Each structure stands twice: as structure tokens, then as C-alpha cells.
Amino acid sequence: MAEKLAPEKSHSYIHNGQKVFDWDQTLEEVNMYIELPANVPKKLFHCKIDSKHVEVGIKGNPPYLNHELAFPVKTDCSFWTLEDDIMHITLQKRDKGQTWSSPIMGQAQLDPYNADLEQRRLMLQRFQEENPGFDFSQAQFSGNCPDPMTFMGGIRSG
């Protein structure tokens, strides 16, 4: 049932008509997906994740991405992998349940409609996690959706 509440589609960050990366999120993490150029050996790619900053590039060249993150992450649980021609960066949210409008501060913010959809999906994901015997995949909110991070005293750790 929980997989029904997983991100259905990723969001794209487009800059000057070029896709920079795709991204999605769950209650606990933000995932970034960067298409890699095919003519560069995989061992030359690098990624550095700090609590509020990410840098991605090819060794010996200026970084492709060098940005402040929208919110702090847990660096000991954040990592990157190369999968086929995609760099997959997993950022562990410091504050579980926080709805991110973008991984990058001030860039590619979700519009209010899509930000609301993300918050609703994360709230339902939280309900599913806290009540595993129930199926919330068809549930809907009428009116404003509460913040999944703070609703009813916040997320219980467990």
C-alpha cells in the first residue's frame, strides 16, 4: 500500500531551456537524478554533499552544480550512486516530513499548485506509515492540507 503513495512523477529543473536535473521526495529524503554525458568515464564524476550544500561535476573542471540546498540534510545518511547514465543523489532530510519546493535554494521552486500536491502526498504517506493496516492511497483532503512535519504534534520517531 505504501508504494501507492510514492512519488508518481519527478519534477524537472530546467535552466536556459536545458534540463539540469529531475527530482522527487518522500517523507525522509529528496532524490536528484542527473543525466550524465556518455563520453566521460564514470570514475571522473564526483559529488560532494554538505549539510546545506551540494556540488556535482567532473574532476578537473568547474562544477556542473554548486548550490546551497533548500533545507539542511543529514550528511551521514546522504549519498550518491551512478546508475547507467544517471547520477542518483539521495539527500536524507534533517527534518522528516518537511515538504521541499525544490532541492536547490531559490531555484526551480514548485508552483503553488504542485507544492500543495506534494504536501498532500507526503501527508498521506505519513498517515500510511503511522497506520500500516489502512490504505490511504485513495484518500483526499478537502480544504487546506496540514503540514506533514508538524500535524498533531509532529512525526513520531520510531
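Remember, predicted model here, so these are calculated numbers, not experimental data.
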J.: For a quick test of reading the model, state the closest non-hydrogen atom pair linking Gln98 to Gln25 and the distance between them.
T.: O-OE1, 3.7 Å
J.: Of all the heavy-atom pairs spanning Pro41 and Asn39, show the shortest one and how long it is.
T.: CD-O, 4.0 Å
J.: Hey, is Glu129 close enough to Lys96 for a salt bridge, meaning N to O under 4.0 Å?
T.: yes
J.: Give a yes or no on whether the backbone of Ala115 and the side-chain of Ser101 come within a donor-acceptor separation of less than 3.5 Å.
T.: no
J.: What's the separation between atom CD in Glu29 and atom CD1 in Ile89, rounded to the nearest 0.5 Å?
T.: 13.0 Å
J.: Hydrogens and angles aside, do Glu83 and Thr81 bring a side-chain donor and acceptor to less than 3.5 Å of each other?
T.: yes
J.: Determine yes or no for a side-chain-to-main-chain donor-acceptor pair under 3.5 angstrom, with Asp111 supplying the side chain and Tyr113 the backbone.
T.: yes
J.: So, does Lys93 use its side chain to make a donor-acceptor pair with the main chain of Trp100 at under 3.5 Å?
T.: no
J.: Do the non-hydrogen side-chain atoms of Thr99 and Met149 ever get within less than 4.5 Å of each other?
T.: no
J.: With no hydrogens and no angle check, just 3.5 Å: does a side-chain donor-acceptor pair link His11 and Asp22?
T.: no
J.: Could you go step by step and tell me if Ser51 and Arg94 meet the side chain to side chain contact (heavy atoms under 4.5 Å, CB included) rule?
T.: CA-CA 9 Å; Ser51 65; Arg94 188 187 73 190; over 6 Å; no
J.: To the nearest 0.5 Å, tell me how far Ile34 CD1 sits from Ile86 CD1.
T.: 9.5 Å
J.: Please name the pair of heavy atoms, one in Gly97 and one in Asp147, separated by the smallest distance, quoted to 0.1 Å.
T.: O-OD1, 4.2 Å
J.: Evaluate the criterion side chain to side chain contact (heavy atoms under 4.5 Å, CB included) for residue pair Trp23 and Val30; output intermediate values, then yes/no.
T.: CA-CA 7 Å; Trp23 70 280; Val30 172; 4.1 Å; yes
J.: Would Leu82 end up clustered with Leu91 when hydrophobic side chains under 4.5 Å apart are linked, directly or stepwise?
T.: yes
J.: For Ile14, is there any backbone N or O sitting under 3.5 Å from a side-chain donor or acceptor partner on Ser12?
T.: no
J.: Could you tell me whether Glu35 and Lys19 make a salt bridge, using a distance below 4.0 angstrom between a side-chain N and a carboxylate O?
T.: yes
J.: Could you measure the distance from the CG atom of Asp116 to the CZ atom of Arg121? Nearest 0.5 Å is fine.
T.: 12.5 Å
J.: How many angstroms lie between atom CG of Leu27 and atom CG of Leu122, to the nearest 0.5 angstrom?
T.: 5.5 Å
J.: Can you tell me if Asp50 uses its side chain to pair, donor with acceptor, with the backbone of Lys52 under 3.5 Å?
T.: no
J.: Is it true that a side-chain atom of Tyr13 and a backbone atom of Gln109 form a donor plus acceptor pair closer than 3.5 Å?
T.: no
J.: Which pair of non-hydrogen atoms, one from Pro148 and one from Arg126, has the smallest distance, and what is that distance?
T.: O-NH1, 2.9 Å
J.: Side-chain contact test, heavy atoms from C-beta onward, threshold under 4.5 Å: evaluate it for Trp80 versus His88 and give yes or no.
T.: no
J.: Hey, does the side chain of Gln128 reach the backbone of Phe136 with a donor-acceptor pair shorter than 3.5 angstrom?
T.: yes
J.: Under the side chain to side chain contact (heavy atoms under 4.5 Å, CB included) rule, what do Met32 and Val20 come out as? Steps first, then yes or no, please.
T.: CA-CA 10 Å; Met32 297 171 64; Val20 179; over 6 Å; no
J.: Can I get a per-line list of side-chain donor-acceptor pairs under 3.5 Å for residues 68-75, giving both atom names and the distance, sequence neighbours left out?
T.:
none

J.: Assess the residue pair Phe45 and Tyr64 against the criterion (side chain to side chain contact (heavy atoms under 4.5 Å, CB included)); give the C-alpha distance rounded to whole Å, side-chain angles, the decisive distance to 0.1 Å, and a yes or no.
T.: CA-CA 10 Å; Phe45 292 104; Tyr64 174 72; over 6 Å; no
J.: Taking the side chain from Arg120 and the backbone from Phe141, do they hold a donor-acceptor pair closer than 3.5 Å?
T.: yes
J.: For the CD atom of Gln119 and the CG atom of Asn114, what is their distance to the nearest 0.5 Å?
T.: 13.0 Å
J.: How far does OG of Ser102 sit from CG of Leu110, to the nearest 0.5 angstrom?
T.: 7.0 Å
